[in-house]
There are 2 protein chains.
Amino acid sequence: MAQKVKLSTIAESLGLSTATISLALRDSPLVAADTRDKIKEQARALGYIYNRRAASLRTSRSGIVGVVFHDVMNPFYGEILKAIESELDRSRQTFILSNHYDSVEKQRTFIETLLQLGSDGIIMSPAIGTPIEDMTLAEENGMPAILVARSMDGVDMPTYRGDDSYGISLATNHLISLGHRTIAMVGGTDQTSTGRDRYQGYVNALRKAGIEVDPNLRIPGPRSKQGGFEAAVHFLSLPQKPTAAVCWNDLVAIGLMNGISRAGLVPGVDISVTGYDDLEEAAIATPALTTVSNGQAEVGRLAARALLDRLAGSHEPDGIHLIKPEMRIRQSTGPVRPRV
Amino acid sequence: MAQKVKLSTIAESLGLSTATISLALRDSPLVAADTRDKIKEQARALGYIYNRRAASLRTSRSGIVGVVFHDVMNPFYGEILKAIESELDRSRQTFILSNHYDSVEKQRTFIETLLQLGSDGIIMSPAIGTPIEDMTLAEENGMPAILVARSMDGVDMPTYRGDDSYGISLATNHLISLGHRTIAMVGGTDQTSTGRDRYQGYVNALRKAGIEVDPNLRIPGPRSKQGGFEAAVHFLSLPQKPTAAVCWNDLVAIGLMNGISRAGLVPGVDISVTGYDDLEEAAIATPALTTVSNGQAEVGRLAARALLDRLAGSHEPDGIHLIKPEMRIRQSTGPVRPRV
DNA sequence: CTGAAAGCGCTTACAG
DNA sequence: CTGAAAGCGCTTACAG
């Protein structure tokens with residue numbers, strides 16, 4: 001590796017000061033156009049690499065944004081991340097990603113790392129059980145936080161997520177309109193806002209239709225394909241013989257449909273199944289999954305924009321911003337057919 | 001936000017020098033044990049946050065490692081990333097992730113960003129068409145690179161990937177042993193080493209079994225579920241009426257099986273399908289997918305270890321390190337059954 | 001075992 | 001339009 005090229009290397013080679021070089025490379029109007037061109041040309045020729053650490057130490061802006069989710073391998077978060085990525089790219093901000101896997105410790109370690117790196121902000125879907133102190137730790141050290149997908153009680157930071165209660169009621173109403181009366185709810189946990197809100201929306205929709213709510217028709221827990229797959233046995237053996245399942249998300253729904261198929265029944269014919277999120281793969285599942293669009297792209301885009309705006313000095317309103325979900329009717333739901 | 005706490009804040013409050021504080025916080029044996037404890041206690045009490053940028057500027061080590069893949073939403077890369085993550089976590093290295101989506105420009109921008117941030121190294125699966133200069137740019141500026149999943153011609157950097165040619169021959173031989181003779185190959189592109197090597201392995205296996213290779217039985221292109229799903233139409237309309245498909249990866253295989261189901265045929269019975277990678281979801285697909293384990297966890301772990309070792313000073317051997325694939329026989333393959 | 005001082009590579013008032 | 005100088009917050013020889 002050749003001798004490190006820095007501002008002073010360029011300055012000396014051109015007989016100018018580092019101040020002029022610095023200004024020129026950042027297109028300051030203070031530098032004459034032809035001086036600027038000469039400097040840029042020379043920087044390229046010497047293979048100059050801008051040292052962001054040094055600049056950041058001086059300016060206390062790092063150009064780094066932290067993003068922490070439960071697990072990016074989950075396409076729901078993956079789709080949010082993609083939207084964040086493209087929005088940050090446009091503003092030349094680099095993001096650092098971490099999965100917390102709902103470990104509060106892992107999440108805190110990550111927040112501390114971001115603070116040490118001088119991260120300009122953080123976009124997060126907080127881990128289950130996140131203490132308020134961890135959130136204020138960020139804010140108090142000048143690192144604004146934006147929440148996505150999950151709300152946190154007692155925190156009025158800007159939060160972007162879908163209207164879960166309304167969305168799940170769309171799915172439930174759809175099944176009711178097809179004649180289903182014994183409808184199970186599969187997946188999700190009361191430990192997250194999405195779990196609570198979606199169960200509540202399901203309960204509300206049933207009540208509004210005059211259908212009695214049977215708590216035993218709830219199978220809480222599953223949140224992945226694997227989980228949905230395994231829940232199929234439980235679901236199929238429920239003594240109430242439900243004819244339909246409202247799933248907490250698409251992954252659970254797809255897993256459940258696979259499990260139902262393995263048992264020799266045909267999802268969408270023998271048993272109706274709805275998902276939630278409208279992941280890209282929902283449309284190509286077999287059968288194509290009836291689900292609720294949860295606006296991941298919108299959530300990611302708005303959250304990134306909110307953070308960028310805040311970094312630019314404007315203060316977006318705090319509190320929860322709900323994105324309106326929409327029904328996507330496909331082949332996994334159909335008219336009620338009695339269970340044998 | 002309170003006044004920023006730095007080393008000198010602690011030093012003054014205790015009547016010590018910043019040198020002592022710095023050493024104590026890093027557990028240097030040069031500092032007396034009780035002095036150290038007092039310092040650590042005070043640092044905590046004041047809410048001190050270590051400034052990595054300043055330290056990194058001084059030491060020229062950042063504790064940051066870059067990771068760039070085609071797309072982490074692809075579970076194949078996601079599984080590699082997980083292994084890298086857990087290995088780096090153990091060494092308290094932070095990773096910065098980027099998708100290149102096979103855009104050479106996006107990849108180069110990311111490499112430049114890493115250089116600016118003083119990244120200690122990079123683990124990458126190079127974008128299609130990556131010029132050698134982009135790789136040497138990293139190395140020449142003191143940022144060692146480790147390749148995963150894809151090889152690059154003319155580059156002898158350490159590379160960790162599966163033995164694609166051997167692996168696909170396992171899948172092909174399995175189908176041949178079930179009596180299949182008209183076997184299509186679906187997905188992949190000649191622009192990547194995996195695409196070339198897997199097609200070659202398929203061709204070799206057929207030849208060795210004395211089966212004539214029909215280039216029209218290759219359907220190149222698909223690399224995703226969506227792609228495999230769409231390829232089903234083409235596959236089913238092939239005049240040679242193949243009874244089995246060797247797919248380039250699990251995603252294509254799962255998509256293809258969905259497409260086959262939509263057409264009213266039963267994958268695993270009417271048409272045998274093999275995947276490649278053994279993603280977590282292969283086992284719960286319907287039918288459960290016969291596939292080839294590609295050792296993602298191993299690839300990620302070894303690549304991360306190789307980089308960490310290099311950072312620690314030891315020089316692992318350059319060149320390609322092949323991980324041995326293994327066959328996973330499930331329900332998506334069965335005895336040949338003539339196409340009608 | 002602890003301290004004084006230099007320096008990592010930038011940017012930013014301030015002068016001219 | 002350009003330059004001299006200070007300073008961001010650390011670490012690291014070097015002294016003692």
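Order of the sequence lines sets the chain letters (A, B, ...), proteins ahead of strands, with each chain counted from 1.
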When you check the phosphate oxygens OP1 and OP2 of C:dG3, does a side-chain N or O of B:Thr20 lie under 4.0 Å from one of them?
-> yes
How about [X] and [Y]: does a side-chain donor come under 3.5 Å of a side-chain acceptor?
X	Y	result
A:Arg53	B:Ser56	yes
B:Ser151	B:Arg161	yes
A:Thr94	A:Arg52	yes

Would you check, one step at a time, whether the test side-chain contact (heavy atoms from CB on, under 4.5 Å) holds for B:Phe95 with B:Ile123?
-> CA-CA 10 Å; B:Phe95 70 88; B:Ile123 297 174; over 6 Å; no
May I have the step-by-step check of side-chain contact (heavy atoms from CB on, under 4.5 Å) for A:Gln93 and A:Leu308, ending in yes or no?
-> CA-CA 9 Å; A:Gln93 289 268 335; A:Leu308 291 171; 3.9 Å; yes
Taking every heavy atom of B:Leu14 against every heavy atom of B:Lys38, the minimum-distance pair comes out as CD1-O, 4.3 Å
Might you point out which heavy atoms bring A:Val104 and A:Thr130 nearest each other, and give the distance in Å?
->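 Closest approach of A:Val104 to A:Thr130, heavy atoms only: CG2-N, 3.9 Å.
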For [X] and [N], what is the distance between atoms [atom1] and [atom2] respectively, to the nearest whole Å?
X	N	atom1	atom2	result
B:Leu14	C:dT2	CG	P	12 Å
B:Asp34	C:dT2	CG	C1'	13 Å
B:Ile21	C:dG3	CD1	P	8 Å
B:Lys38	C:dT2	NZ	C1'	12 Å
A:Arg36	D:dT2	CZ	P	11 Å
B:Gln116	C:dC8	CD	P	20 Å
A:Glu12	D:dT2	CD	P	18 Å
B:Asn141	C:dG9	CG	P	13 Å

Trace of the side-chain hydrogen bond (donor to acceptor under 3.5 Å, both in side chains) decision for A:Thr192 with A:Thr189 | CA-CA 6 Å; A:Thr192 64; A:Thr189 159; 5.6 Å; no
Which one, C:dC8, D:dG3, D:dC1, comes nearest to the side chain of A:Leu16?
-> D:dG3
Would you please classify the geometry between the A:Tyr77 ring and the A:His70 ring as parallel, tilted or perpendicular, with 30° and 60° separating the classes?
->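 A:His70 and A:Tyr77: tilted rings.
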Stem regions touching DNA chain D, defined by at least 3 consecutive Watson-Crick or wobble G-U pairs below 3.5 angstrom | C:1-3 with D:14-16, C:5-12 with D:5-12, C:14-16 with D:1-3
What is the nucleic acid contact for B:Gly118, judged by heavy atoms within less than 4.0 Å: base, sugar-phosphate only, or nothing?
-> nothing
Please list, pair by pair, any protein nitrogen or oxygen found under 3.5 Å from a nitrogen or oxygen in nucleotides 10-14 of chain C.
| from | atom 1 | to | atom 2 | distance (Å) |
| --- | --- | --- | --- | --- |
| C:dC10 | OP1 | A:Tyr48 | OH | 2.9 |
| C:dC10 | OP2 | A:Leu7 | N | 2.9 |
| C:dC10 | O5' | A:Tyr48 | OH | 3.1 |
| C:dT11 | OP1 | A:Arg26 | NE | 3.4 |
| C:dT11 | OP1 | A:Tyr50 | OH | 3.0 |
| C:dT11 | OP2 | A:Ser22 | OG | 2.2 |
| C:dT11 | O2 | A:Arg58 | NH1 | 2.1 |
| C:dT12 | OP2 | A:Arg26 | NH1 | 3.4 |
| C:dT12 | O4' | A:Arg58 | NH2 | 3.0 |

